[in-house]
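None of the values given here were measured: they were computed from a predicted structure.
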Amino acid sequence: MTAIGGARDKLLQATAERFSTTADGKAILLAGSTPVFRVNSAGAGAPGSIAITAKPVNVVGDIVFSVSAGTQLTVNGNVATVDFATMTTDTALVQARIREFGVDYVGNYMISKVFDGVAGETGLAGLNTGQAFAYKRAAAAPADSPGDVIFTFAMAAITTPAGNDLANGWSKNIPAGTAPLYVRVAAASSRNATDNIAANEWAGAVQLAKDGTDGLNVAPVRIYQRGATNIAPALPSAACTLTFATGALVGLNNGWSAQVPTAGGAYLFTSGATAAARTATDDIQPGEWAAAARLAADGATGQRGTVTVTAPGYSTWSDASAVYELGRAGYGAPINRDVVTLYDATQAVTKYFDNGAWLVLGTVLNGNLLVDGSVAAKSLAVDKLSALSANLGNVTAGDLYGATLHGGAGYPGNAYGWPSNGGIGFHLSERGLLLGNPATGGYVELGSGGYVAMPGLLIENGNASFSGKLSGAKGTFEGELRAATGTFGLIRSATSGQRTEYDSNGIRIYNAAGNLIVRLGVW
């Protein structure tokens with residue numbers, strides 16, 4: 001190392017320390033919980049202490065904290081704490097320093113005290129304000145005054161004079177009557193609980209309201225009538241009167257009523273009009289009714305429920321007697337599971353009707369009383385199996401209607417769609433047949449819309465789209481092949497060994513040795 005001897009070297013040796021900046025990509029950053037101690041009028045500071053954390057950026061070394069005179073620091077690693085009790089100055093500068101390779105990296109953090117101001121003198125009491133109103137009915141704007149009054153702010157009202165009446169026919173409240181209504185207003189303002197309003201403080205009279213023209217009463221009106229046919233009946237031919245307050249409608253004729261009738265035919269018709277008048281009632285003329293329209297019609301009578309009939313005076317059973325007793329009881333012809341008992345003093349026979357035959361009624365069991373196990377019978381005659389939930393086992397069935405069949409681990413539900421839990425299976429319904437699972441690469445779909453889909457093949461609307469590989473094809477091809485690309489033909493003679501290839505470039509013929517002997521096409 002060369003000894004210090006030149007003037008330049010001596011200047012460099014005597015110069016102040018150099019500090020790096022963040023522009024060099026290295027720095028030390030300081031962050032505190034707050035830069036301010038708030039000092040109240042009693043001299044107490046908040047918070048009690050402020051912690052400043054140093055974070056080196058791309059620089060390595062020991063962190064050295066320092067603070068300006070009049071303040072003490074407590075250092076713990078890279079965190080320095082300033083207590084309010086140890087800060088005797090109004091400001092304090094906390095500095096963190098790291099020296100690396102002879103270069104100092106410095107970060108500064110300023111802490112200040114902020115003092116509450118001195119409490120000012122108590123101000124004067126504020127003003128109470130309010131508005132006083134006076135009302136009067138008159139044909140023209142009155143020029144007289146409601147007179148001197150006293151306004152009480154707590155009640156927000158005129159309290160003197162007492163009562164409702166003011167001078168010159170004015171009043172505190174809106175008076176009854178039909179003449180135009182006028183109002184005068186005065187402002188109340190005082191530091192006291194009340195204010196004296198002089199007669200000359202009232203503003204000029206202003207019209208507040210007056211009676212207007214009566215508005216319209218409007219109400220929709222609807223009428224009803226039943227008929228034996230679907231031909232609409234004639235509309236009312238006389239004037240009807242509606243009372244708006246009660247909704248009562250009088251004067252209807254030609255079989256119409258204001259309520260839906262319960263008798264008169266299977267077809268219900270309706271018509272409507274709008275009543276509008278400034279009076280309490282309105283006369284609806286015949287021409288005001290809308291064309292009658294059918295509102296509803298009675299549905300077909302449903303089949304009665306099953307019944308049980310008991311008839312005495314029969315020593316033996318007779319199917320005809322059972323049918324007779326049902327009719328005599330008012331039930332008409334028998335239906336499935338009607339029960340009839342014919343008896344006399346010596347015997348009684350009970351049978352039930354099923355599909356045209358009367359069958360002996362054995363023991364009747366309440367299904368809730370059956371012990372878990374099995375029920376064996378040659379036949380089961382019921383109207384519906386909708387309440388049946390069971391593993392049916394082996395079933396031999398006739399015609400099935402409205403069925404949805406699904407099976408396999410992949411079809412836990414009956415919705416039309418591919419397996420929902422990764423397995424394979426099938427779904428058959430009016431939507432079509434789904435078999436397999438596209439996720440595994442093997443599936444076929446026969447849609448009720450007339451299409452077939454499987455990997456590489458789609459047949460729809462008379463067109464077949466094939467995207468797979470055709471291999472091992474034998475036989476002959478007839479027709480026209482259009483828009484073909486790639487190699488679509490290879491013919492090899494079994495006797496001569498020659499082979500012929502066809503593709504989009506043309507036709508090539510090779511001999512048995514594999515040499516090209518004929519080429520037709522574009523190259």
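- With hydrogens and angles ignored, the 3.5 Å screen pairs a side-chain donor or acceptor of R137 with a backbone N or O of P175.
- With hydrogens and angles ignored, the 3.5 Å screen pairs no side-chain donor or acceptor of K55 with any backbone N or O of A31.
- Contact of the V185 side chain with the F133 side chain is registered, since non-hydrogen atoms from C-beta on lie closer than 4.5 Å.
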> Taking it one step at a time, do I158 and I197 satisfy side chain to side chain contact (heavy atoms under 4.5 Å, CB included)?
Replying inline: CA-CA 10 Å; I158 298 171; I197 300 175; 5.8 Å; no
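- Note that CG of L127 is 10.0 Å distant from CG of D195, once rounded to the nearest 0.5 Å.
- Ring centers of W170 and W202: at least 6.0 Å apart, outside the cut-off.
- Rounded to the nearest 0.5 angstrom, Y135 OH and N164 CG are separated by 11.0 Å.
- Remark: side-chain polar atoms of K172 are paired, donor with acceptor, to backbone N or O of G163 under 3.5 angstrom.
- Under 3.5 Å, the side chains of S145 and R184 contain no donor-acceptor pair of N or O atoms.
- A heavy-atom distance below 4.5 Å is found between the side chains of F84 and K113.
- Counting only N and O atoms by type, the side chains of S171 and N173 include no donor and acceptor under 3.5 Å apart.
- The shortest side-chain heavy-atom distance between V349 and Y314 does not fall under the 4.5 Å cut-off.
- At least one donor-acceptor pair under 3.5 Å links the side chain of D148 to the backbone N or O of A199.
- The CG atom of L252 sits 4.0 Å away from the SG atom of C240 when rounded to the nearest 0.5 Å.
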>> Let's go through L235 and W256 carefully: what are the C-alpha distance in whole Å and the side-chain angles of both, what is the deciding distance for side chain to side chain contact (heavy atoms under 4.5 Å, CB included) to 0.1 Å, and is it a yes or a no?
In response: CA-CA 8 Å; L235 293 170; W256 291 90; 4.1 Å; yes
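- Of the possible polar contacts, none joining the D282 side chain to the L242 backbone as a donor-acceptor pair under 3.5 Å is found.
- Rounding to the nearest 0.5 Å gives a distance of 5.0 Å between CG of L208 and CG of L181.
- Between D116 and R38, the shortest heavy-atom contact is OD2-NH2, 2.8 Å.
- Separating the CZ atom in F153 from the OG atom in S189 is a distance of 6.0 Å, to the nearest 0.5 Å.
- Here the side chains of E201 and V149 are not in contact, with every heavy-atom distance at 4.5 Å or above.
- Contact check for R278 versus T213: side-chain heavy atoms found under the 4.5 Å cut-off.
- R191 and L124 make their closest contact through NH1-CB, 4.2 Å (heavy atoms, listed as atom of the first residue, atom of the second, distance).
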>> As a quick check of understanding, evaluate side chain to side chain contact (heavy atoms under 4.5 Å, CB included) for W289 and I223, giving each step before the final call.
In response: CA-CA 9 Å; W289 294 105; I223 56 176; 3.6 Å; yes
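- Residues V360 and K351 are in side-chain contact: their nearest non-hydrogen atoms beyond the backbone lie under 4.5 Å apart.
- The aromatic rings of Y267 and F269 sit tilted, their planes meeting at an angle between 30° and 60°.
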>> Could you go through W358 and V323, starting from their C-alpha distance and side-chain angles, then the distance that decides it, and tell me whether this counts as side chain to side chain contact (heavy atoms under 4.5 Å, CB included)?
In response: CA-CA 10 Å; W358 289 95; V323 173; 3.9 Å; yes
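- The number of heavy atoms from other shown groups lying within 6.0 Å of CE (M155) does not exceed 12.
- When every heavy atom of D338 is checked against every heavy atom of G305, the shortest pair comes out as OD1-O, 4.4 Å.
- In this structure the side chain of P261 reaches within 4.5 angstrom of the side chain of L268, judged on heavy atoms.
- Here the side chain of Q225 pairs no donor or acceptor atom with the backbone of S271 at under 3.5 angstrom.
- Side-chain N or O atoms of T152 include none that pairs as donor or acceptor with a backbone N or O of A154 at under 3.5 Å.
- Remark: side-chain polar atoms of N217 are paired, donor with acceptor, to backbone N or O of T279 under 3.5 angstrom.
- Nearest heavy-atom pair, Q303 versus I335, reported as atom, atom and distance to 0.1 Å: NE2-CD1, 3.7 Å.
- In plain terms, the two heavy atoms of A275 and I284 that are nearest each other are CB-CD1, 4.3 Å.
- Within the 4.5 Å cutoff, the side chain of V218 has heavy atoms near those of the T274 side chain.
- With no hydrogens or angles considered, a side-chain donor-acceptor pair links N355 and N336 at under 3.5 Å.
- Put simply, the side chain of D354 never gets that close to the backbone of A357: no donor and acceptor are under 3.5 Å apart.
- Among all heavy-atom pairs drawn from A238 and G251, the shortest one is CB-O, 4.2 Å.
- Put simply, the side chain of T241 never gets that close to the backbone of D283: no donor and acceptor are under 3.5 Å apart.
- Here CZ of F37 is found 5.5 Å from CD1 of I111. Values are rounded to the nearest 0.5 Å.
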